[in-house]
Amino acid sequence: SRARRCTESVSRWGPFFGDVINLKTLGFIPAQAAPGDDVTVSLCWHADQDPYPSFDWSFQLELIGEQGTVISQPRVIAPGYPTSRWKVGDVLHDQWKVRLPASLETGDYHWQIAAGVTAWVGTLHVIAPPHTFAAPDVAHTLNADLRPVTLFGVDVSPPSAAPGTP
């Protein structure tokens, strides 16, 4: 992740951190993903007041589904340029990737940021592949207990080349 100047249009999401720092813009790309995919998170922060010189602000990014929180990541705002060095009017862009858990089920999930206040900031639609748990047919049943797995059987196909042929 790298902090850099923000060029996006202004649309306030804050206030966060008691009117000291505001979230101007944010984005999640893509808006639709599959379990295990990476989602790019892009945030643009603005210092409305001089932040405290001895403290670097952080926030919590969460992805919430019907089953509850599925991702919860603490994050320092703009790690390349700590908020303790900001001045009034500083605007910084922070971008990083979040890997979705492979176990997510199909449905809509909601992004939430907790930073002094909590705000719902986006929706992610997840399309999970169908899960098939039926064992395939096998030519030779074994049911061998190989802890921690069981080998149900094998299929041995005849060789495709005759001896002496490349």
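- Although no hydrogens or angles enter the test, the distance criterion places a donor-acceptor pair under 3.5 Å between the side chain of W86 and the main chain of Y81.
- With hydrogens and angles disregarded, no donor-acceptor distance shorter than 3.5 Å links the side chain of T141 to the backbone of G153.
- A donor-acceptor pair is defined here as one N or O able to donate and one able to accept, closer than 3.5 Å; such a pair exists between the side chain of D50 and the backbone of V88.
- Of all non-hydrogen atoms in P35 and V126, the two that sit nearest each other are CD-CG1, 3.9 Å.
- Qualifying ring pair (Phe, Tyr, Trp, His ring centres under 6.0 Å) partners for H110, counting only residues two or more places apart in sequence or in other chains: W120.
- When all heavy atoms are compared, the tightest approach of D137 to D155 is O-OD2, 3.7 Å.
- In the hydrophobic clustering of this structure, V149 groups with V154; members are Ile, Leu, Val, Met, Phe, Trp, Tyr whose side-chain heavy atoms approach within less than 4.5 Å, directly or through other members.
- Put simply, the side chain of D94 never gets that close to the backbone of I77: no donor and acceptor are under 3.5 Å apart.
- The side-chain hydrogen bond (donor to acceptor under 3.5 Å, both in side chains) check on R99 picks up D38, with sequence neighbours excluded.
- Cluster annotation: W45 and F55 are assigned to the same hydrophobic cluster (Ile/Leu/Val/Met/Phe/Trp/Tyr, side-chain heavy-atom contacts under 4.5 Å, transitive).
- A 6.0 Å sphere centred on CD of E105 holds no more than 12 heavy atoms belonging to other residues, nucleotides or ligands.
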Using a 3.5 Å cut-off and no angle test, enumerate the donor-acceptor pairs between side-chain atoms of residues 59-70 and protein atoms at least two apart in sequence or in another chain.
unit_1, atom_1, unit_2, atom_2, d
Q60, NE2, S72, OG, 2.4
E62, OE1, Q112, NE2, 2.7

